[in-house]
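Along the sequence shown, the residues carry numbers beginning at 1. Note that the coordinates shown come from a computational prediction; the quantities given were computed from them, not determined experimentally.
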Amino acid sequence: MMRSAAGIECTVDGQTARRQKVHHRKRRGGAGVYLAAGLAVWASSVVPQGLAAPVQDVSSSVYAPIDPQRMSDVMRVLASDAFEGRAPGTQGEERTVAWLIEQYQKIGLEPAGENGGWIQTVPLLRTRVGKPSVAKVSFPNQALTLQQNKDLYFSTVRPVKQIEIANVPMVFVGYGVHAPERGWDDFKGVDLKGKIAVFLINDPDFEATQQDAAYGRFAGRAMTYYGRWTYKYEEAARRGAIGALIVHDTPGASYGWQTVIAAGGESFDIVRNGKDQTVLMQGWISGDAATRLFSAAGLDLAEERVKARQTSFAPVTLKDAAFSLKAPVQTANLKSQNVLAKITGTKKPDQSVMFGAHWDAFGTSTNAQGQMVMRRGAIDDGSGIAGVLEIARAFKAGPAPGRTVVFAAWTAEERGLLGSVWYAAHPLVSLEKTAANFTMDVLQMAGPSRTAFMVGAGQNTVQEDVAAAARRQGRTMKPEAMPERGAFYRADHLPFARAGVPVVAMMDMAGYPDLLKGGVPAGKAWLEGYMACYHQACDAWSPTWDVRGAAEDVALLYRVGHDLAFSQKWPHWKDTSEFAGIRDASRAMRRD
């Protein structure tokens, strides 16, 4: 609540905290200077421990009992050389899991894994494609050679020794959306068996104007699940395609080509049965290569984009195009691990509140220049793990909760939310009696902020509780500023939402924070600097970070989760949410 020009006064846990007005001199160069400075920070390697002395412009009671220094220390450790980028199935995983268990034990938590232990085994298939001997699209009078990591990025999640596709047709399916409830069908009964399906990324209305039939049908710029690359691959597999390629563009994907190729040809999947088969080849084609491909087939990609925004759109076979790919595949069956701890509830131990983040990053892989790099994942998601550990310490320092509180570190989020997907299918606590799941993924390191952003705002009542807690901090909770990124469908809360559990995802890539030091321009510079390092080697720990902004966000989730853990409240989905019906079906299980 604004009290005067001198600052903002707010009440936090019965205490009054006052943000003092901070005066800032204008900086020459504006946001460009901030961006350059941000990129310089990201490009730095891991350096000795220690936080830069922050400007004392906010009381620590705003983020208490969360400790920014301890959060920074956790990120420093997880992003260090010893953890090798924390890829599943590597020595980096072994060290990460052992370190997490040690932290849980030091805090004094109880094991919450299988058979009374700390872990839940997640069976994974790991594949890595080698250099292709053939990668081209042939036409009667020419052949377009496709170079891996430049024109094309492909992988497979099938347990095969080789991808071999020879001269198969290619079919452009627009956005590849089948949504009867929205009156939309891009497929029109087309036969995709044994063919390559070519998709546009995002939803049909992402670029739509009022003249287009798609305008407003899929929440406008806000991405629905129909816009996610995972949906495109799933739909191609359901329709019998042998492969799927998505045309990359940075606005529609919300990230650049460097992020697309970050996995270095390596893919993971949960172990599947024969009835749940994926496409043999899945991947992306760069915008430039797609433009050349369509032109060779006598089509204008820009014009086809416009046509794909109409209900009249019908799939288009790329005339005389024959796709061929031959590449070796290395496969391995792995047993990765979710790391789980808890504090058992004293009154309702069968009911729970869950806090989670993913421990994995991308390990070591080759970048676009052919250099071997370590993708350390200091912020993505070392920051989330730091938040989980801080919340666990805060709970353990107080009285035992009435409900069980679960603390989860998920594996293989970067490979498709695989650890949380597995857990949701094989839960170790009742999901029907889980009051809420709180997920932290990418927290900001630029200092205290006047704002926070809610991913997927308006879905459930626990989101409203978090917004109210933000007001008590003297902050404003806003809906995500860039819903076109589809953040609600990109983190470990999603499998729990699909199971009906009310969720809150704290993801600071959802908007430009209004920082106490520098305002929105500084917040924008921070986020742009971070996005330049998203899934890259430069997501590395820095001693110059001001972790208090992340601590503020963690404190929000702690306070709301604490209230739920000591109450009998049951948050619920709004009637307009796609997840409301799932939760309603189990309502009887939550009656005391």
Side-chain angles (χ1 to χ4, degrees), residues 135-137 139 144-155 165 168-178 184 186-187 190 192 195-208 212 214 218 221 223-237 239 241-263 279 281-310 313-325 368 484-486 489-490:
K136 65 180 180 179
V137 182
F139 293 89
L144 297 180
T145 300
L146 301 174
Q147 183 177 337
Q148 173 79 321
N149 292 341
K150 179 182 178 182
D151 308 305
L152 179 74
Y153 178 78
F154 69 89
S155 63
I165 301 172
V168 303
M170 306 183 76
V171 181
F172 175 57
V173 294
Y175 290 89
V177 172
H178 178 66
W184 200 268
D186 281 329
F187 295 98
V190 67
L192 292 178
K195 301 174 183 177
I196 304 295
V198 181
F199 296 83
L200 299 175
I201 191 60
N202 219 299
D203 295 312
D205 63 353
F206 176 67
E207 297 179 304
D212 296 319
F218 295 85
R221 296 283 288 182
M223 184 188 288
T224 70
Y225 188 63
Y226 294 116
R228 289 285 290 143
W229 57 267
T230 50
Y231 170 80
K232 316 288 183 183
Y233 295 158
E234 290 164 3
E235 197 64 32
R239 295 173 182 273
I242 195 171
L245 287 175
I246 300 171
V247 177
H248 177 263
D249 67 80
T250 297
S254 82
Y255 42 75
W257 187 252
Q258 286 281 355
T259 299
V260 169
I261 68 173
V279 291
M281 183 277 298
Q282 60 188 36
W284 298 72
I285 183 169
S286 74
D288 288 343
T291 297
R292 296 196 303 270
L293 170 64
F294 275 62
S295 179
L299 300 170
D300 185 306
L301 178 57
E303 291 180 359
E304 295 304 315
R305 286 181 179 274
V306 175
K307 293 177 183 178
R309 302 199 291 262
Q310 317 308 322
F313 172 82
V316 180
T317 298
L318 301 187
K319 186 178 179 182
D320 296 327
F323 180 88
S324 298
L325 178 67
E484 66 273 15
R485 291 180 173 175
Y489 304 97
R490 291 170 58 177

Considering all heavy atoms, the nearest Gly256-Thr250 contact: CA-OG1, 3.7 Å
Give a yes or no on whether the backbone of Gly486 and the side-chain of Tyr225 come within a donor-acceptor separation of less than 3.5 Å. no
May I ask you to decide if Tyr255's main-chain N or O and His248's side chain share a donor-acceptor pair within less than 3.5 Å? yes
With a 4.5 Å heavy-atom cut-off, do Trp184 and Phe218 have their side chains touching? yes
Treating Ser295 as the side-chain partner and Thr291 as the backbone partner, does any N or O pair qualify as donor plus acceptor under 3.5 Å? no
Evaluate the side-chain proximity of Ile242 to Ile196: yes if any heavy-atom separation is below 4.5 Å, no if none is. yes
Report the C-alpha distance between Trp284 and Ile201 in whole Å, list the side-chain angles of each, state the deciding distance to 0.1 Å, and finish with yes or no for side chain to side chain contact (heavy atoms under 4.5 Å, CB included). CA-CA 10 Å; Trp284 298 72; Ile201 191 60; 3.8 Å; yes
Quick check on the 6.0 Å ring-centre criterion: do Phe172 and Phe294 meet it? yes
Between the main-chain N or O of Asn202 and the side-chain N or O of Lys232, is there a donor-acceptor pair closer than 3.5 Å? yes
With a 3.5 Å distance limit and no angle check, can you tell me whether Trp257 reaches the backbone of Asp151 through a side-chain donor-acceptor pair? no
Between atom CG of Asp212 and atom CZ of Arg309, what is the distance when rounded to the nearest 0.5 Å? 4.5 Å
Quick one: does Asp203's side chain get under 4.5 Å of Tyr175's, heavy atoms only? no
Should Gln148 and Tyr153 count as side-chain neighbours, where that means a heavy-atom distance under 4.5 Å? yes
Roughly how far apart are Arg292 CZ and Leu146 CG, rounded to 0.5 Å? 8.0 Å
At their closest point, which heavy atom of Ala296 faces which heavy atom of Leu144, and how far apart are they? CB-CD1, 4.2 Å
Determine whether the aromatic ring centres of Phe199 and Tyr231 lie less than 6.0 Å apart. no
Residue pair Val171 / Lys195: nearest heavy atoms and the distance that separates them: CG2-CD, 3.9 Å
Going from CD1 on Ile285 to CD1 on Ile246, what distance comes out if it is rounded to the nearest 0.5 angstrom? 11.5 Å
Under the criterion side chain to side chain contact (heavy atoms under 4.5 Å, CB included), I'd like the reasoning laid out for Val316 against Lys307: C-alpha separation, chi angles, the key distance, then a yes or no. CA-CA 11 Å; Val316 180; Lys307 293 177 183 178; over 6 Å; no
Do the non-hydrogen side-chain atoms of Arg305 and Val247 ever get within less than 4.5 Å of each other? yes
Going by heavy atoms in the side chains, are Leu245 and Met281 under 4.5 Å from each other? yes
So, does Arg490 use its side chain to make a donor-acceptor pair with the main chain of Arg228 at under 3.5 Å? no
Verdict with reasoning, Gln282 to Phe154, per side chain to side chain contact (heavy atoms under 4.5 Å, CB included): CA-CA 6 Å; Gln282 60 188 36; Phe154 69 89; over 6 Å; no
Just how far is it from atom CG of Asp249 to atom OG of Ser254, taken to the nearest 0.5 Å? 10.0 Å
Test item: side-chain donor near acceptor, Thr224 and Tyr489, under 3.5 Å: no
Is any side-chain heavy atom of Pro204 closer than 4.5 Å to one of Tyr226? no
Which pair of non-hydrogen atoms, one from Gly176 and one from Asp186, has the smallest distance, and what is that distance? N-OD2, 3.1 Å
Compare every heavy atom of Ala308 with every heavy atom of Phe313, then report the nearest pair and how far apart it is. CD1-CA, 3.7 Å
Measure the OG1-CE distance between Thr317 and Met170 for me, rounded to the nearest 0.5 Å. 11.0 Å
Between Gly287 and Leu301, what is the shortest heavy-atom contact and its length? O-CD2, 4.4 Å
